[in-house]
Q: 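There's a structure below that I have some questions on.
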Amino acid sequence: MRVLFWGTPEFAIPSLRAVEGAGHTIVGVVTQPERPRGRGRKPSPSPVARFAEAQSYRALTPEDPRDAAFMEELRSLDPDISVVVAYGRILSSAVLDVPSLGSINLHASLLPALRGAAPIAWAIARGHAVTGVTVMRMVEEMDAGPILAAAECPIGPADTAALLSARLSGLGAAVLAETLARLEAGPVDEVDQDHARATFAPKLDRSSARIDWSRGHAHVARLVRAMDDVPGAWTVWRTQPVKLFGASATEGHGDPGRVVQADPRRGLVVAAADGVVRIAEVQPPGKRRMEAAAWIRGSGPGVGDRFE
């Protein structure tokens, strides 16, 4: 089939590889325009844009995918189907209907659970034991179209968003390639979602990543793992924000937010409401991510200090 691929982050690249590897023709790759990225916040192309350039795919970076000139360019590509993987914008029905076989989307949850921008992070933060991927027919409403295929993936007790994202990216690529093969062979059964069971996974922001030490230790540890590595769960120490990574909940007690262990060899442990949280890594303001023990050996906290 002639496939028009839409995607922006690293998560989408295995799917793009899988589509081409299955023998389909990539007629174009649509991705977000250059945005400020990295520590320097300099404008740079998306991971998918860089990959498309390396593979000599035709890359399109519209500011507005509803623009008339861009729509005309899409039609000139004559795609059989659009495949969308974490593109980052809701597409209009006019865009979705350009290909003769319509548009399908790979979403990183078991729909109708966790519709929205950050399903991987919220699956961890909310304590889900299982998540997965879903291939759905796209409609204008966010992540609400009928389901063509789905596959489950367990969430481990030490999984971070980065680790889980890598596994779901590979799983999704395989499910997507298999779904395209079924579509090429003939009509595929499409199952409507139970909209009454829908939950939502909103975009991550600074407020959602702030640690509330008055919550339970399991909740705090999940939040830290869910926000790893972007945007990074954070707390305040001596009036300065500090990002925390690699948390695990364990038994213990103390005043919520209080440091109960700050050992140069054994690391950092902080009290929550009903237990304590061991922190593996930190990122103090203006510095790189480092082991918590290294921070303690330098200018880090001591026992009795408090995170706000």
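Along the sequence shown, residues are numbered consecutively beginning with 1.
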Q: Treating Ile, Leu, Val, Met, Phe, Trp and Tyr as nodes and any side-chain heavy-atom pair under 4.5 angstrom as an edge, say whether I296 and V242 lie in one connected cluster.
A: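 Yes, I296 and V242 fall within the same hydrophobic cluster.
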Q: Is it true that atom CZ of R182 has more than 12 heavy atoms of other residues, nucleotides or ligands lying nearer than 6.0 Å?
A: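 Correct, the count exceeds 12.
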Q: If you look at every heavy atom in T134 and A150, which pair is closest and at what distance?
A: OG1-CB, 4.1 Å
Q: I need the minimum non-hydrogen distance between A121 and A226, along with the two atoms involved.
A: O-CB, 3.1 Å
Q: Can you name the closest pair of heavy atoms from M227 and S208 and give their distance?
A: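 Minimum heavy-atom separation between M227 and S208: CE-O, 3.9 Å.
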Q: Over 60° means perpendicular and under 30° means parallel, so tell me whether Y87 and W6 are parallel, tilted or perpendicular.
A: perpendicular
Q: Check the hydrophobic clustering (I, L, V, M, F, W, Y; side-chain heavy atoms under 4.5 Å; chains of links allowed) and say if L176 and L183 are grouped together.
A: yes
Q: Give the intermediate values and the outcome of side chain to side chain contact (heavy atoms under 4.5 Å, CB included) for residues V276 and H217.
A: CA-CA 6 Å; V276 299; H217 65 322; 6.0 Å; no
Q: Could you check whether any side-chain heavy atom of Q240 comes within less than 4.5 Å of a side-chain heavy atom of P284, counting everything from C-beta outward?
A: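 With C-beta onward as the side chain, the pair stays apart.
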Q: At their closest point, which heavy atom of V27 faces which heavy atom of R58, and how far apart are they?
A: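 Heavy atoms only, the tightest pair is O-CB, 4.1 Å.
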Q: May I ask you to decide if S248's main-chain N or O and R225's side chain share a donor-acceptor pair within less than 3.5 Å?
A: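 Answer holds: no.
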Q: Hydrophobic clustering (ILVMFWY, side-chain heavy atoms < 4.5 Å, transitive) - are V224 and V282 grouped together?
A: yes
Q: Please step through side chain to side chain contact (heavy atoms under 4.5 Å, CB included) for the pair S103 and V95, ending with a clear verdict.
A: CA-CA 9 Å; S103 302; V95 172; over 6 Å; no
Q: Which is it for M136 and D143 under the side chain to side chain contact (heavy atoms under 4.5 Å, CB included) test, yes or no, and what are the steps along the way?
A: CA-CA 8 Å; M136 65 177 171; D143 301 329; 3.2 Å; yes
Q: Tell me the closest heavy-atom pair linking M71 and P65, and the distance in Å.
A: SD-O, 3.8 Å
Q: How about E53: does its CD atom have over 12 heavy atoms from other parts shown lying under 6.0 Å from it?
A: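 12 or below, so no.
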Q: Could you check whether any side-chain heavy atom of R115 comes within less than 4.5 Å of a side-chain heavy atom of E141, counting everything from C-beta outward?
A: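 Result yes, sub-4.5 Å side-chain heavy-atom pair found.
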Q: Can a donor-acceptor pair be found, under 3.5 Å and without considering hydrogens, that links the side chain of S169 to the backbone of F11?
A: yes
Q: Flag the pair C153 / L164 as yes when at least one side-chain heavy-atom distance between them is below 4.5 Å, and no otherwise.
A: yes
Q: Do other residues, nucleotides or ligands put more than 12 heavy atoms under 6.0 Å from D205 CG?
A: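 Enclosed.
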Q: In this structure, are over 12 heavy atoms from other groups packed under 6.0 Å from R89 atom CZ?
A: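 Check passes, neighbour count above 12.
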Q: Can you find a heavy atom in the side chain of V259 that is under 4.5 Å from one in the side chain of F307?
A: yes
Q: Within the side chain of E20, is there an N or O that forms a donor-acceptor pair under 3.5 Å with the backbone of H24?
A: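 Such a contact is absent between E20 side chain and H24 backbone.
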Q: Measure from the side-chain N and O atoms of T61 to the backbone N and O of Q32, and report whether any donor-acceptor pair falls under 3.5 Å.
A: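 Side chain of T61 to backbone of Q32, a donor-acceptor pair under 3.5 Å: no, none is there.
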Q: With rounding to the nearest 0.5 Å, note down the distance linking CZ in R126 to OG1 in T131.
A: 11.0 Å
Q: So does P256 get a backbone contact from the side chain of R306, meaning a donor-acceptor N/O pair under 3.5 Å?
A: yes
Q: Determine, using the 4.5 Å side-chain heavy-atom cutoff (strictly less than), whether W122 and V133 are members of one ILVMFWY cluster.
A: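 Not linked; separate clusters.
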Q: Does a salt bridge link R2 with E184, judged by any charged N lying under 4.0 Å from a carboxylate O?
A: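 A salt bridge is absent here (no side-chain N lies under 4.0 Å from a carboxylate O).
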Q: Quick check: closest heavy atoms across A149 and T179, and the distance to 0.1 Å?
A: CB-OG1, 3.5 Å
Q: Check whether R137 reaches the backbone of P146 with its side chain - one donor and one acceptor, N or O, closer than 3.5 Å.
A: no
Q: Could you walk me through whether E308 and R210 satisfy the side chain to side chain contact (heavy atoms under 4.5 Å, CB included) test, starting with their C-alpha distance in whole Å, then the side-chain angles of each, then the deciding distance to 0.1 Å, before giving a yes or no?
A: CA-CA 10 Å; E308 302 291 343; R210 177 149 193 188; 4.3 Å; yes
Q: Are V98 and I81 connected into the same hydrophobic cluster when the rule is that any two of I, L, V, M, F, W, Y join if their side-chain heavy atoms are below 4.5 Å apart?
A: no
Q: F51 vs Y57 aromatic rings, parallel, tilted or perpendicular, using cut-offs 30° and 60°?
A: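 Rings of F51 and Y57: tilted, as their planes differ by 30° to 60°.
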Q: Please report the interatomic distance CZ(R289) to CG(L244), rounded to the nearest 0.5 Å.
A: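 Answer for the CZ-CG pair, R289 versus L244, is 10.5 Å.
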Q: Crowded around E291 CD? As in, over 12 foreign heavy atoms under 6.0 Å?
A: no
